[in-house]
Amino acid sequence: MSFNTIEENKNRQSLTDYDEIWLFGYGSLIYKVDFPYIEKARAYIKGWQRLLWQGSHDHRGTPDNPGRVATLIPAEQEICAGVAFKVTHEVFDHLDHREKNGYLRHEVDIYFDEEGLAKKGLIYIASQDNKAFLGHAPDRELAQHIHQSAGPSGENRDYVFQLADALRAMNETDEHVFAIEQHLKNL
Ligand code: SIN
């Protein structure tokens, strides 16, 4: 069974049509910036909640024992904080490969402060109907799962620790991520 979204992402937007391309990162893209960018800024998106509900078969888990990483679930009242990167279209070959396990590129309104005007940008979302989606589990169970998962990019728990640290460094809170982090520390 393949979860690979590389081919599908290639045909989703015509990247060369954009005058400038902003990419919004809300998970590992916040703290593992392994691609060139022109500019970087704190940013927000509205109507989405970050949750550790996506299975990771290629980075923080394996096909037999997938780990758990962040995706976004529609949630009307929520604001999700992250980082926006101004990039060129060339970086998407690398990013589509990196995010290939169920993530599709979507257009999104990116806000650079909570009051300001939005700019159109791109974001990777692993939707609830993708084959690697794991969905809700009670916090303790979810943390236990993460505690015992690892993959080619390292321990699954380090994904959560690095994400939580990066959010704290930006003075942001995320109740879900911080709760799972606390459970992991108690294990
Ligand atoms: C993102 O960081 O924006 C996507 C999810 C991830 O790679 O962790």
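Since we're looking at a predicted model, the values are computed, not measured. Ligands are counted one by one from 1 in listed order, and the atoms in each one are counted from 1 as well.
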Does [atom1] in [X] sit with more than 12 non-hydrogen atoms of other residues, nucleotides or ligands closer than 6.0 Å?
{"X": "H97", "atom1": "NE2", "value": "no"}
{"X": "E175", "atom1": "CD", "value": "no"}
{"X": "R140", "atom1": "CZ", "value": "no"}

Can you produce the list of protein nitrogen or oxygen atoms under 3.5 Å from a nitrogen or oxygen of ligand 1, alongside each distance?
{"residue": "ligand 1", "atom": "2 (O)", "partner": "G27", "partner atom": "N", "Å": "2.7"}
{"residue": "ligand 1", "atom": "2 (O)", "partner": "S28", "partner atom": "N", "Å": "3.1"}
{"residue": "ligand 1", "atom": "2 (O)", "partner": "L29", "partner atom": "N", "Å": "2.9"}
{"residue": "ligand 1", "atom": "3 (O)", "partner": "Y26", "partner atom": "N", "Å": "3.0"}
{"residue": "ligand 1", "atom": "7 (O)", "partner": "S28", "partner atom": "OG", "Å": "2.8"}
{"residue": "ligand 1", "atom": "7 (O)", "partner": "E99", "partner atom": "OE1", "Å": "3.0"}
{"residue": "ligand 1", "atom": "7 (O)", "partner": "E99", "partner atom": "OE2", "Å": "2.9"}
{"residue": "ligand 1", "atom": "8 (O)", "partner": "S28", "partner atom": "N", "Å": "2.8"}
{"residue": "ligand 1", "atom": "8 (O)", "partner": "S28", "partner atom": "OG", "Å": "3.1"}
{"residue": "ligand 1", "atom": "8 (O)", "partner": "Y159", "partner atom": "OH", "Å": "2.5"}

Query raised in the report: Does the pair K120/D109 count as a salt bridge with the N-to-O cut at 4.0 Å?
Result: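 Counted as a salt bridge, because a side-chain N and a carboxylate O are separated by less than 4.0 Å.
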Query raised in the report: Are any of the side-chain nitrogens in K185 or E181 under 4.0 Å away from the carboxylate oxygens of its partner?
Result: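 So K185 pairs with E181 through a salt bridge.
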Requested in this report: Group every Ile, Leu, Val, Met, Phe, Trp and Tyr by side-chain heavy-atom contacts under 4.5 Å, then state whether Y124 and I21 land in the same group.
Outcome: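 Y124 clusters together with I21.
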